[in-house]
Amino acid sequence: MVVEGKLQGIVSWCVGCARPKFLGVYSSVASMRAFFTKEMGLILLIRKNIEALTRCVIDIRGRHASPPKPRLDGRIVGGTDAREGEIPYQISLRYLGSHRCGGSIISEDWAVTAAHCVQGVLAEDLEIMVGSVDINDGTIHQVYYVAYHPNFDQYLIDWDIAVLKLVVRKVNLGEVNEIYTVFKLQVEKPFVFSDIVKAVALPQEGEEPQPEEIAIISGWGYTSEGSGIIPENLQRLAVPIISREECNIDYSDYGGITERMICAGIEEGGKDACQGDSGGPLVIDGKLQGIVSWGAGCARPKHPGVYSRVSAMRSFLFEETGL
C-alpha cells in the first residue's frame with residue numbers, strides 16, 4: 001500500500017473480500033522500520049535498476065539470495081468445464097465459509113493440500129466441500145486437525161504439503177449417575193464414497209513423473225491472470241510434465257526448483273494453474289503426483305506451473321495419516 005510514493009503498508013489480512021464494515025488490514029511498515037535496518041543493514045532509497053534488484057538481493061552477510069518464489073492460488077487458465085464425477089477426489093477448502101484453496105481426498109477422513117494454504121489458520125475455521133463441480137453446491141464437512149510439513153519454507157515454498165483430518169464429534173452416551181455423564185470421541189467419516197466422491201491414489205515414495213507425461217490439473221478459479229472472476233464450474237486441464245532441467249532454466253531467476261518440486265505446463269504459455277486453487281491436484285494415471293504450489297504469473301511462456309512432488313514427501317503423509 002503506497003501513499004505519496006512511500007510504502008506505508010503491506011497487505012496482511014481481512015474478513016472476506018470487500019465486505020461491508022470489514023476493511024482491509026495492512027502491516028504498518030513504519031512501525032517495523034527497525035526490522036529492515038537490522039536485516040538489510042541499509043535501505044536503498046535510489047533504485048536505478050529495479051529489475052536488477054528484483055533478480056538479486058544482497059544481504060548484510062554477503063550472500064546472494066534469489067527472490068522469493070511467486071505464489072499461486074492455483075486457478076486454471078485455458079481449461080474446460082469438468083463433468084460431474086470426472087474429478088471425484090477434488091475438494092474446495094474453505095476458510096470462514098469462502099473458497100480458499102483446492103485439495104484432494106486421500107481416504108475417508110483425510111485430505112491433502114498445500115502447506116501455504118493452511119499456515120497460520122485454525123482448523124476450526126476450515127471446512128471442506130466435496131461431491132460437486134459447482135463451487136456453490138456440494139457437501140460441507142468441518143476440519144478437525146491440520147498439519148503441514150515441519151520443513152515447510154514459506155520463502156522458498158519448499159516442502160509445501162499439508163494434511164486435513166475431518167471432524168471428531170463428542171457423543172453423549174448417557175448419564176452414569178447424577179454427577180457423571182459419559183462421552184466418547186467418535187471420528188466422523190463423512191466422505192461417503194460414490195461415483196462423485198472418491199479418494200485419489202498416492203504414489204510410491206521416490207516416484208518421478210517423466211517429461212511429456214500428461215497430467216490432469218483441476219480447480220475453481222480465475223480463467224486469466226488477474227481477472228478476479230471465479231467460474232462456478234470446476235475447471236480441468238491436461239498439461240505435460242516439464243523436465244527438471246528445463247524448469248530449472250525457466251526459473252533460474254528464482255533459484256530453480258528443489259527435489260520436492262515438479263513442473264508442468266505448455267512452454268508457449270496459455271494453459272496453466274493460476275491464482276485461487278493452490279493445493280489442488282496434479283494427477284497422472286490416477287495417482288496424485290503433484291500439488292499446485294507456485295509459479296510466475298499464470299500461463300506465461302517459459303514459466304510453467306510448479307507443483308509439490310508428493311512422492312518426495314510420502315513419509316510425511318504416512319506418519320500423519322498411516323496411508
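Bear in mind that the values here come from a model prediction, so they are computed numbers and not experimental data.
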**Q** I need the minimum non-hydrogen distance between Gly131 and Glu84, along with the two atoms involved.
**A**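 Scanning both residues, the minimum pair turns out to be O-OE2, 3.6 Å.
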
**Q** Is it true that the side chains of Tyr145 and Glu320 contain a donor and an acceptor less than 3.5 Å apart?
**A**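 Per modelled atom types, Tyr145 and Glu320 side chains form a pair under 3.5 Å.
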
**Q** Report the distance from atom CZ of Phe191 to atom OG of Ser107, rounding to the nearest 0.5 Å.
**A**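 Going from the CZ atom of Phe191 to the OG atom of Ser107 covers 8.0 Å.
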
**Q** State, to 0.1 Å, how close Ile157 and Phe152 come at their nearest heavy-atom pair, and which atoms those are.
**A**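 Taking every non-hydrogen atom into account, CA-CE1, 4.3 Å.
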
**Q** Output the distance between atom CZ (Arg83) and atom CG (Leu234), rounded to the nearest 0.5 Å.
**A**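 Interatomic distance, Arg83 CZ to Leu234 CG, rounded to 0.5 Å: 11.5 Å.
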
**Q** Rounded to the nearest 0.5 Å, what's the gap from OH on Tyr148 to CH2 on Trp159? Could you check?
**A**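 Tyr148 atom OH to Trp159 atom CH2 measures 15.0 Å (nearest 0.5 Å).
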
**Q** Check whether the side chains of Arg94 and Ser92 place a donor and an acceptor atom closer than 3.5 Å, and report yes or no.
**A**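 A pair is found: one side chain offers a donor N or O, the other an acceptor, under 3.5 Å apart.
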
**Q** Compare all side-chain heavy atoms of Lys165 with those of Asp109 and state whether any distance is below 4.5 angstrom.
**A**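 Touching, per the 4.5 Å side-chain cut-off.
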
**Q** With sequence neighbours excluded, what pairs up with Arg314 under the salt bridge (Lys or Arg N to Asp or Glu O under 4.0 Å) test?
**A**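 By the salt bridge (Lys or Arg N to Asp or Glu O under 4.0 Å) rule, Arg314 matches no residue at all.
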
**Q** For Asp158, which residues count as a side-chain hydrogen bond (donor to acceptor under 3.5 Å, both in side chains) partner, sequence neighbours excluded?
**A**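 Per chain and number, Asp158 pairs via side-chain hydrogen bond (donor to acceptor under 3.5 Å, both in side chains) with Thr258, Arg260.
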
**Q** Check whether any side-chain heavy atom of Ser308 lies under 4.5 Å from a side-chain heavy atom of Met261, and answer yes or no.
**A**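 No, too far: nothing below the 4.5 Å cut-off.
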
**Q** Within the side chain of Asp160, is there an N or O that forms a donor-acceptor pair under 3.5 Å with the backbone of Ala115?
**A**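 Such a contact is found between Asp160 side chain and Ala115 backbone.
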
**Q** Rounded to the nearest 0.5 Å, how far apart are CG of Asp153 and NE2 of His116?
**A**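 The CG atom of Asp153 sits 13.0 Å away from the NE2 atom of His116.
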
**Q** Under a 4.5 Å side-chain heavy-atom rule over Ile, Leu, Val, Met, Phe, Trp and Tyr, are Phe318 and Leu202 clustered together?
**A**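 Different hydrophobic clusters.
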
**Q** State, yes or no, whether a side-chain contact exists between Asp81 and Val133 at a heavy-atom distance under 4.5 Å.
**A**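 No, every pair of side-chain atoms sits at 4.5 Å or beyond.
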
**Q** Testing the basics here: between Ile128 and Ala111, what is the closest heavy-atom pair and its distance to 0.1 Å?
**A**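 Shortest heavy-atom separation between Ile128 and Ala111 comes out as CD1-CB, 4.1 Å.
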
**Q** Using side-chain heavy atoms (C-beta onward) and a distance below 4.5 Å, is Thr113 in contact with Val118?
**A**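 Yes; the side chains approach each other to less than 4.5 Å.
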
**Q** List the steps, then state whether side chain to side chain contact (heavy atoms under 4.5 Å, CB included) holds for Gln289 with Val310.
**A** CA-CA 5 Å; Gln289 296 287 0; Val310 175; 5.8 Å; no

**Q** Any donor-acceptor pair under 3.5 Å linking the side-chain atoms of His303 with those of Asp250?
**A**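 Distance-only check fails for Asp250 and His303.
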
**Q** Among all residues two or more places apart in sequence or in another chain, which pass the ring pair (Phe, Tyr, Trp, His ring centres under 6.0 Å) test with Phe316?
**A**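 By the ring pair (Phe, Tyr, Trp, His ring centres under 6.0 Å) rule, Phe316 matches His149.
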
**Q** Can you see which heavy atom on Cys247 is nearest to which on Ile242, and at what distance?
**A**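 Smallest heavy-atom distance, with atoms named: N-CG2, 4.1 Å.
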
**Q** Should Ile214 and Val239 be marked as a side chain to side chain contact (heavy atoms under 4.5 Å, CB included) after you check the CA-CA gap, both sets of side-chain angles, and the distance that decides it?
**A** CA-CA 6 Å; Ile214 299 301; Val239 289; over 6 Å; no

**Q** Taking all heavy atoms of Trp220 and all of Ile91, pick out the closest pair and write down the distance.
**A**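 Result for this residue pair: CZ3-O, 3.7 Å.
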
**Q** Ile140 and Trp110: same hydrophobic cluster, using ILVMFWY side-chain contacts below 4.5 Å?
**A**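 Per the 4.5 Å side-chain linkage, Ile140 and Trp110 are co-clustered.
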
**Q** From Asn136 CG over to Asn233 CG, what is the distance, rounded to the nearest 0.5 angstrom?
**A**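 One gets 11.0 Å once the value is rounded to the nearest 0.5 Å.
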
**Q** With clusters defined by side-chain heavy atoms of hydrophobic residues (ILVMFWY) lying less than 4.5 Å apart, directly or transitively, does Leu164 cluster with Tyr95?
**A**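 Same hydrophobic cluster.
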
**Q** Within a 6.0 Å radius of atom CG on Asp134, are there more than 12 heavy atoms belonging to other residues, nucleotides or ligands?
**A**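 Result for CG/Asp134: enclosed.
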
**Q** Are more than 12 heavy atoms, taken from residues, nucleotides or ligands other than Phe193, located less than 6.0 Å from that residue's CZ atom?
**A**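 For Phe193, atom CZ is crowded (more than 12 foreign heavy atoms under 6.0 Å).
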
**Q** Does the side chain of Lys198 reach to within under 4.5 Å of the side chain of Ile105, using non-hydrogen atoms?
**A**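 Of all side-chain heavy-atom pairs linking Ile105 with Lys198, none is under 4.5 Å.
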
**Q** Apart from Val11 itself, what residues make up its hydrophobic cluster when side-chain heavy atoms of I, L, V, M, F, W and Y under 4.5 Å apart count as a link, directly or indirectly?
**A**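 Answer for Val11: Met1, Tyr26.
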
**Q** Do Leu317 and Leu323 come close enough that some side-chain heavy atom pair is under 4.5 Å?
**A**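 Not in contact.
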
**Q** Applying side chain to side chain contact (heavy atoms under 4.5 Å, CB included) to Ile161 and Val112, what does each step give before you reach the verdict?
**A** CA-CA 7 Å; Ile161 190 171; Val112 64; 3.8 Å; yes

**Q** Nearest heavy-atom pair of Tyr89 and Pro281: which atoms, and what distance?
**A**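 Distance-wise, the nearest heavy atoms are CE1-CG, 3.6 Å.
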
**Q** Say whether Ile241 and Tyr307 are linked into one hydrophobic cluster, either directly or through other cluster members, by side-chain heavy-atom distances under 4.5 angstrom.
**A**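 Yes, same cluster.
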
**Q** Among pairs that include at least one residue of residues 199-209, which meet salt bridge (charged side-chain N to carboxylate O under 4.0 Å, His left out), considering only residues two or more places apart or in two chains?
**A**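 Qualifying pairs: Glu207-Lys287, Glu208-Arg244, Glu208-Arg309.
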
**Q** Test question: given the 4.5 Å side-chain rule for I, L, V, M, F, W and Y, name all other residues clustered with Leu122, or answer none.
**A**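 When side chains under 4.5 Å apart are linked, Leu122 ends up in no cluster with other residues.
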
**Q** Got a second to check how far His99's NE2 is from Leu93's CG, nearest 0.5 Å?
**A**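 Atom-to-atom, His99:NE2 and Leu93:CG are 8.0 Å apart.
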
**Q** Just do the side chain to side chain contact (heavy atoms under 4.5 Å, CB included) check on Leu126 and Tyr144 with the steps written out, would you?
**A** CA-CA 8 Å; Leu126 294 173; Tyr144 161 68; over 6 Å; no

**Q** Is it the case that the side chain of Gln142 and the backbone of Glu124 share a donor-acceptor pair, with hydrogens and angles ignored and the cut-off at 3.5 Å?
**A**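 At least one qualifying donor-acceptor pair exists.
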
**Q** Would you indicate whether Asp137, at its atom CG, is surrounded by more than 12 heavy atoms from other residues, nucleotides or ligands within a distance under 6.0 Å?
**A**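 Yes.
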
**Q** Is there a side-chain contact between Ile216 and Leu282, using heavy atoms and a 4.5 Å cut-off?
**A**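 Counting from C-beta outward, Ile216 and Leu282 never come under 4.5 Å.
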
